[in-house]
Amino acid sequence: MKKILILLCACVALVGCQSTPQKPPETIAIESVYNIDKNLVSDSKTIAEVVSKAESISLAGCPATFVKAYQANILAWQKMADVEKKMYASGNISKASSDIQRFLADYEKNPTLATVRLKSEWPALANQIDSAMFDITKTFTKYTAIGAEYNAVFP
């Protein structure tokens, strides 16, 4: 009986020592990117600023497939920044600035609505806006799907 009690106490002690399993370093690295990326649009005044901030995020420790997909997303945002340049080049800087700020504010809540509004304000750039937004959506889906493979979920 004494031996059973000692064995039972040892088992209870061992179970109590178990800790939560550590996340793999790739998951931690991806989550680190996500934690910065989630605020890029809301913390930016221009699309070019979104691109610049995204380019400055460290991708160290992220799997190569994730890095490639994230960099593709940056290039997609760069396409949108090229549209932004054309808006400013139109000569109506205050309208361009206002529409870009509205786009960025709307994008956080509803990217589709943001895109529709921007296209209605800039119909001559509608095809380029559509193309850039298609690429942004496609590449976002790609890098978040890769993140999910590492149990990292975009917030």
Side-chain angles (χ1 to χ4, degrees), residues 15 17-155:
V15 169
C17 290
Q18 289 181 348
S19 62
T20 315
Q22 289 288 333
K23 292 179 181 179
E26 297 89 352
T27 303
I28 294 168
I30 292 169
E31 288 175 344
S32 175
V33 171
Y34 286 171
N35 286 331
I36 298 168
D37 185 80
K38 71 180 179 183
N39 296 316
L40 285 183
V41 172
S42 63
D43 291 346
S44 299
K45 291 185 168 89
T46 66
I47 298 165
E49 189 177 343
V50 171
V51 173
S52 177
K53 288 178 180 179
E55 290 173 333
S56 72
I57 295 175
S58 172
L59 300 173
C62 294
T65 53
F66 179 87
V67 170
K68 183 178 177 184
Y70 191 80
Q71 289 171 336
N73 185 254
I74 294 171
L75 291 175
W77 275 102
Q78 182 57 57
K79 280 178 70 173
M80 195 64 189
D82 293 343
V83 171
E84 176 182 61
K85 287 179 191 174
K86 291 177 181 177
M87 291 167 65
Y88 280 118
S90 74
N92 193 341
I93 293 174
S94 75
K95 176 176 175 28
S97 180
S98 173
D99 290 346
I100 289 163
Q101 288 178 12
R102 182 176 181 190
F103 168 79
L104 292 172
D106 289 346
Y107 185 85
E108 283 295 298
K109 298 174 209 117
N110 187 334
T112 303
L113 176 63
T115 303
V116 168
R117 283 183 177 164
L118 191 61
K119 287 171 35 178
S120 72
E121 292 294 325
W122 297 88
L125 300 174
N127 288 340
Q128 293 168 32
I129 293 167
D130 275 339
S131 176
M133 292 307 299
F134 174 80
D135 289 352
I136 288 169
T137 302
K138 181 175 80 174
T139 57
F140 174 81
T141 301
K142 177 76 173 175
Y143 81 76
T144 55
I146 293 168
E149 293 173 12
Y150 290 88
N151 294 318
V153 178
F154 193 87

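Residues take their numbers from the sequence shown, with the count starting at 1. Excluded from the calculations below are hydrogen atoms, water molecules and symmetry mates; all remaining heavy atoms, backbone and side chain alike, are included.
- Checking side-chain atoms of Asn110 against main-chain N and O of Leu113 turns up a donor-acceptor pair under 3.5 Å.
- Of the possible donor and acceptor atoms, one in the side chain of Thr115 sits under 3.5 Å from a partner among the backbone N and O of Pro111.
- Side chain of Glu84 to backbone of Ile47: a donor-acceptor contact under 3.5 angstrom is found.
- Remark: Asp99 engages Lys95 in a salt bridge (charged side-chain N to carboxylate O under 4.0 Å, His left out) (not counting sequence neighbours).
- When atom types are taken as modelled, the side chain of Gln101 and the backbone of Thr46 share no donor-acceptor pair closer than 3.5 angstrom.
- Trp77 and Tyr70 have their aromatic ring centers separated by at least 6.0 angstrom.
- For the pair Met133 and Tyr107, the minimum side-chain heavy-atom distance is below 4.5 Å.
- In this structure, the ring of Phe140 has its center less than 6.0 angstrom from the ring center of Phe154.
- The side chain to side chain contact (heavy atoms under 4.5 Å, CB included) with Met87 is formed by just one residue from the set Asn92, Ile129, Leu125; it is Leu125.
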Next item on the list: Test Asp106 against Arg117 for salt bridge (Lys or Arg N to Asp or Glu O under 4.0 Å), laying out the working first.
Entry: CA-CA 9 Å; Asp106 289 346; Arg117 283 183 177 164; 2.8 Å; yes
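- Looking at residues two or more places apart in sequence or on another chain, you find a salt bridge (charged side-chain N to carboxylate O under 4.0 Å, His left out) between Glu31 and Lys23.
- Looking only at atom types and distance, the side chain of Lys86 has a donor-acceptor partner in the side chain of Gln128 under 3.5 Å away.
- Remark: the backbone N or O of Ser94 is not paired with any side-chain donor or acceptor of Ser98 at under 3.5 angstrom.
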